[in-house]
Amino acid sequence: MNGGGDGEMTLAFDLSALQELADPEHVFDDARRWSKYVGVVSEKPTYVVTNFTRKNRIRQDFFSGPRGKAESLESVGEQFDTPRHVYVGTTDEDRELAETAGWEYLPIEDAAEAAEWTLAEDAEPEPAEQEEQRDDWP
């Protein structure tokens, strides 16, 4: 997937897919190099998406707002005229949704592997606080 910045793709991440990544901000920045538009789709209330994107310093070109995911993909597909529309999700329902909306579907695990993104479950754990409690302290 690490194409070369041709910008011929609209890339939509399901919020749950972004939440599985160790560094969503890096992923968004990376995706911008080879996507024309990048955004977030979710069934969650708008404030949940907004809070997540602010916290992770994600600048999105679109988000689902109060609409459901199906309506969002349809609307984004009409608004953002690119040769490819790719939806990154986490479930079989996401796959079906993408196919119904005429989008390509990519599971987050496959996207992460292809683009060399780190999933949260594979991330190096933060140094444990126990290391600071040294036994050899006088």
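For the pair Ala115 and Asp30, the tightest heavy-atom approach, listed with the atom from each and the gap, is O-OD2, 4.0 Å. The shortest non-hydrogen separation linking Gly39 to Gln60 is CA-CB, 4.1 Å. Residue Arg95 comes nearest to Pro107 through the heavy atom pair NH2-CG, 3.9 Å, listed as atom of the first residue, atom of the second, then distance. Taking all atoms of both residues into account, the shortest heavy-atom contact from Ala12 to Leu73 is CB-CD2, 4.1 Å. The minimum heavy-atom distance linking Glu8 with Pro83 is given by the pair O-CD, 3.2 Å. Closest of all the heavy-atom pairs between Ala31 and Leu11 is CB-CD2, 3.6 Å.
Partners of Thr53 according to the side chain to side chain donor-acceptor pair (under 3.5 Å) rule, which considers only residues two or more places apart in sequence or in another chain, do not exist here. In terms of the side chain to side chain donor-acceptor pair (under 3.5 Å) criterion, Glu99 has no residue partners (sequence neighbours excluded). For Lys36, there are no salt bridge (Lys or Arg N to Asp or Glu O under 4.0 Å) partners two or more places apart in sequence or in a different chain. In this structure Glu96 satisfies the side chain to side chain donor-acceptor pair (under 3.5 Å) test with no other residue, sequence neighbours excluded. Every ring pair (Phe, Tyr, Trp, His ring centres under 6.0 Å) that Phe28 has, sequence neighbours left out, goes to Phe13. For Val76, the side-chain contact (heavy atoms from CB on, under 4.5 Å) partners at least two apart in sequence or on another chain are Thr10, Phe62, Phe80, Trp103. Annotation: side-chain contact (heavy atoms from CB on, under 4.5 Å) contacts of Asp29 (sequence neighbours excluded): Glu25. Applying the side-chain contact (heavy atoms from CB on, under 4.5 Å) test to Ser42 and every residue at least two apart in sequence or in another chain returns Leu15, Lys44, Val49, Ser64. Judged as a side-chain contact (heavy atoms from CB on, under 4.5 Å), and not counting sequence neighbours, the contacts of Ala70 are Leu97. Judged as a salt bridge (Lys or Arg N to Asp or Glu O under 4.0 Å), and not counting sequence neighbours, Glu74 has no contacts.
Transitive grouping of hydrophobic side chains (ILVMFWY, heavy atoms separated by less than 4.5 Å) brings Ile58 and Met9 into a common cluster. No continuous path of ILVMFWY side-chain contacts below 4.5 Å connects Val41 to Val38, so the two sit in separate hydrophobic clusters. Linking ILVMFWY residues whenever their side-chain heavy atoms come closer than 4.5 Å, directly or via other members, places Trp117 and Leu18 in the same cluster.
Heavy-atom neighbours of Glu104 CD from other residues, nucleotides or ligands within 6.0 Å: above the threshold of 12.
No donor-acceptor pair closer than 3.5 Å links the side chain of Glu121 to the backbone N or O of Glu20. Distance alone, capped at 3.5 Å, is enough to place a donor-acceptor pair between the Thr50 side chain and the Thr46 backbone.
Rounding to the nearest 0.5 Å places CG of Leu21 at 10.0 Å from CD of Gln19. With rounding to the nearest 0.5 angstrom, the CG atom of Asp92 is 7.5 Å from the OH atom of Tyr105.
For the residue pair Asp14 and Tyr87, a side-chain donor N or O sits within less than 3.5 Å of a side-chain acceptor on the partner.
Side-chain contact between Asp23 and Thr118: absent, with no pair of heavy atoms (C-beta onward) separated by less than 4.5 Å. At least one side-chain heavy atom of Arg32 sits under 4.5 Å from a side-chain heavy atom of Asp61.
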